[in-house]
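Down below is the structure, laid out as structure tokens.
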Protein chains: 4
Amino acid sequence: MPKLGMEPIRRAALVKATIAEIGEVGSLEVTVSRIARRAGVSSALAHHYFGAKEDLLVAAMRHILATYGAGVRAALAGATTPRARISAILHASFASDNFEPAVIAAWLNFYVHAQGNTGARRLLTVYHRRLRSNLVHALRPLVGAAADDHAETLAALIDGLYIRQALGAAPDGPRAEARVAAVLDRMLEKPQ
Amino acid sequence: MPKLGMEPIRRAALVKATIAEIGEVGSLEVTVSRIARRAGVSSALAHHYFGAKEDLLVAAMRHILATYGAGVRAALAGATTPRARISAILHASFASDNFEPAVIAAWLNFYVHAQGNTGARRLLTVYHRRLRSNLVHALRPLVGAAADDHAETLAALIDGLYIRQALGAAPDGPRAEARVAAVLDRMLEKPQ
Amino acid sequence: MPKLGMEPIRRAALVKATIAEIGEVGSLEVTVSRIARRAGVSSALAHHYFGAKEDLLVAAMRHILATYGAGVRAALAGATTPRARISAILHASFASDNFEPAVIAAWLNFYVHAQGNTGARRLLTVYHRRLRSNLVHALRPLVGAAADDHAETLAALIDGLYIRQALGAAPDGPRAEARVAAVLDRMLEKPQ
Amino acid sequence: MPKLGMEPIRRAALVKATIAEIGEVGSLEVTVSRIARRAGVSSALAHHYFGAKEDLLVAAMRHILATYGAGVRAALAGATTPRARISAILHASFASDNFEPAVIAAWLNFYVHAQGNTGARRLLTVYHRRLRSNLVHALRPLVGAAADDHAETLAALIDGLYIRQALGAAPDGPRAEARVAAVLDRMLEKPQ
DNA sequence: CATGAATGAGTTTTCATTCAT
DNA sequence: TATGAATGAAAACTCATTCAT
């Protein structure tokens, strides 16, 4: 039983437990004690590593966004055409990892939380900007000046599908992805 | 000197205060005391009229949905063509009353809340069904069998625009409406 | 069993319990729960009326100073000569009410607390200024320009006797008073 | 690479850090972690060397009293007349080392702490006895039977000046010393 | 109709202390 | 000799909720 280098392990476990707990409770009114118990440690340890509950929540949000960002980047790496780039983004967005119930629930909760919390809002803004930039970048060669507008619409649609998934019984990534793709197709059909 | 017939007045004031408070705090972690103070009554009275806090929250949600529903119905009343019906729904969705910051914030919070609360979920399901039914009904003459699918897409887009508004500085109803209209136009352009 | 107008009663009981508790524990590391229990109420009520623990402590300090101030004022009212004025101040300082163990202990603790707490410090500064002003006022006709200096010395001596009383088994007000009077006598014997 | 003979170094560093920390916080509600960090070691080490926090506090107090005692002894060594002996005691009491803010703050805190703590009280009693004995010893040849009484008064005055210094902005040793000397002079002027 | 009074239950947070390495 | 890891215990504080008036 190693006693050194536990920090990263505990941090990861706590972040994971936080997401799971939010997913289960369906709200951020989750107790540090329960999160800690789920992670197999005392609540004191959670505070030891993360400070306040808020920091733990932000860390969880950051984790989700980082995972999502990594997924997008990986998918983009293999895309050669503009259209493929967009598909890559969509695919990553609705990929199983980011689209499992607990993650969606946590995502949605953070979305709400960002309304009143600076740290969370900052994180979300970064995500927004990145998604938008990726979409615009890929759309530009295809639709020119309309890229900005279309990007905004697609981003909203993605978020809308996410939010609806949070309430649906079983999430269906491929179907959501297809839905966005359909809208995209119409955009490209007759640009402008 | 206790007045008669105060009940509806108090209830309305409390519901209104609840929405305002949620809008200000940006979360459902709002205290009954503050809501009551905002409504100019004691917290005991809030419990007297609504029972538990949860019931007050659900009442607020019901109020928002009712207001929205009434707006849609009123708008539909003046619409003669299918296309006009859809426009009416969209217009009502992004009309100033339903689209002011506090209402959007409350809406979003209830959306999240519905994940773990039966009463809230039921209410939301009703809203979902009604929106969908309205859209399908209007789309059917225009796109036939694709109506279901398109309705789903439009509904998701509406929700997505709502959620994004919750974080944006100033909500912009007309712009959001135009965005959905643009997607709709493309759907109708080349049906199926 | 009256249910209205309890606030002043509870506040007084809590302040009294606070002083008693500090006297017993001998430190400000006293819990709100114990204070509340001693006052016969729940700890929640203590917070309800006083806000934070700190505020309760400051209220207790303010109470002690107010009692002391009232005692001094009452004693001064009957004093006609300068010398009698000083005696009155001393007598009030070491009077049984202000000189009972719990009060001395609380006083001393507040003295320390004032080092790091703005509210407490302000209160103590007021006490200091008032004591000094009273002493200077009474000494001036007797010793002229040396009044300031003598006042300072007497004040320090009073505080020193207080602090020592805090550790002694049984406080002995008359003896402490006599000690200050002796120093005072020598000051007046050969002024300046 | 663990070094040998570190114990005295660590102990001294921890005691010093304790006094500094108390001076900064202005209370004994100081954490072992912070003291340890200030001393450049882990909190576990503080416990390793001192056992409980309480023991560390007592060690700090003992250090202060020992330093003070050494100062007095050194000063007394050079004093030949009774009057010079008293001056030596006073001078040592208000010498810069014992009279710097952190030390005064710690002293005052220990004074309070002694109310409820046996170890601290014992230490303080020893200090009291020693001071008193030194003063009486020096006063006896000058004032005879009044020595006891005068010693008590001087000791109280010294403590009072200390306590007042704890709250004053900048400590002023020489001035405090002069104040005691003035009272002493009057005592000696007309013995009895 | 309305509220001041009151509290139980719970939550975050802090900290001294222990222990295996 | 020294520490990172970990926790139990306790404390402050909050809040929904009840009740007598």
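Residue numbers start from 1 in every chain, and the chains themselves are labelled A, B, ... in the order their sequence lines are given, proteins ahead of strands.
The distance between atom CE of M6(A) and atom C1' of dT3(F), rounded to the nearest whole Å, is 15 Å. Rounding to whole angstrom units, CZ of residue R37(D) and C1' of dT3(F) are separated by 14 Å. Computed from coordinates, the L56(B) CG to dC15(F) P distance equals 15 Å when rounded to whole Å. Remark: C1' of dT13(E) and OH of Y49(A) are 18 Å apart, rounded to the nearest angstrom. Atom CG of L4(C) is separated from atom C1' of dT3(E) by 8 Å (rounded to the nearest Å). Atom-to-atom, CD1 of I35(B) to C1' of dT3(E) comes out at 18 Å; the value is rounded to the nearest Å. The CG-P distance, from L28(C) to dA12(F), rounds to 12 Å in whole Å. For F50(C) and dA12(F), the CZ to C1' distance is 16 Å, given to the nearest whole Å.
Between H48(D) and dT1(F) there is a side-chain polar atom (N or O) within less than 4.0 angstrom of OP1 or OP2.
Summary of the strand contacts: G51(B) and H47(C) both lie near DNA chain F, and taking for each the nucleotide with the nearest heavy atom, the more 5' one is attributed to H47(C). Comparing V32(A) and E7(C), the nucleotide of DNA chain E nearest to each residue sits closer to the 5' end for E7(C). Residue A52(C) is the one, among V30(B) and A52(C), whose nearest nucleotide of DNA chain F lies closer to the 5' end (criterion: closest heavy atom).
When the nucleotides dA12(F), dT13(E), dC1(E) are ranked by their closest atom to the side chain of K53(A), dT13(E) comes out on top. The listed nucleotides are dA5(E), dA12(F), dA6(F); the one nearest the side chain of L45(A) is dA6(F). Comparing atom distances between the V41(C) side chain and each of dT7(F), dT3(E), dT7(E) picks out dT7(E) as nearest.
Sequence neighbours left out, the pairs with a member in residues 12-30 of chain B that pass salt bridge (charged side-chain N to carboxylate O under 4.0 Å, His left out) are E21(B)-R34(B), E21(B)-R38(B), E24(B)-R34(B), E24(B)-R38(B).
Scanning both residues, T18(A) and L57(A), for their nearest heavy atoms gives CG2-CD2, 4.0 Å.
In this structure, CZ on R122(C) lies 9.0 Å from CZ on R62(C), to the nearest 0.5 angstrom. The CG atom of D55(C) sits 15.5 Å away from atom OH of Y49(C), with the distance rounded to the nearest 0.5 Å. For the atom pair CG of L56(C) and OG of S43(C), the computed distance is 11.5 Å after rounding to the nearest 0.5 Å. Here the straight-line distance linking atom CG of N117(D) with atom CG of L28(D) works out to 9.5 Å at 0.5 Å rounding. Taking CD1 from I64(D) and CG from L123(D), the interatomic distance works out to 10.0 Å, rounded to the nearest 0.5 Å. The distance from the CG atom of L108(D) to the CG atom of N109(C) is 9.5 Å, given to the nearest 0.5 Å.
Inter-axis angle, ends of the helix from dA2(E)-dT21(F) to dT21(E)-dA2(F), five pairs per end, rounded to 10 degrees: 10°.
Of the residues in residues 8-27 of chain B, those lying under 4.0 Å from DNA chain E by heavy-atom distance are R10(B).
Side-chain atoms of H113(D) and E54(D) form a donor-acceptor pair, as typed in the model, at a separation below 3.5 Å.
Residue contacts for T31(C): at a heavy-atom cut-off of 4.0 Å it reaches the sugar-phosphate backbone alone, with no base atom in range.
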Q: Run the numbers on L65(C) and W107(C) for side-chain contact (heavy atoms from CB on, under 4.5 Å), then give the verdict.
A: CA-CA 9 Å; L65(C) 291 178; W107(C) 168 278; 3.4 Å; yes
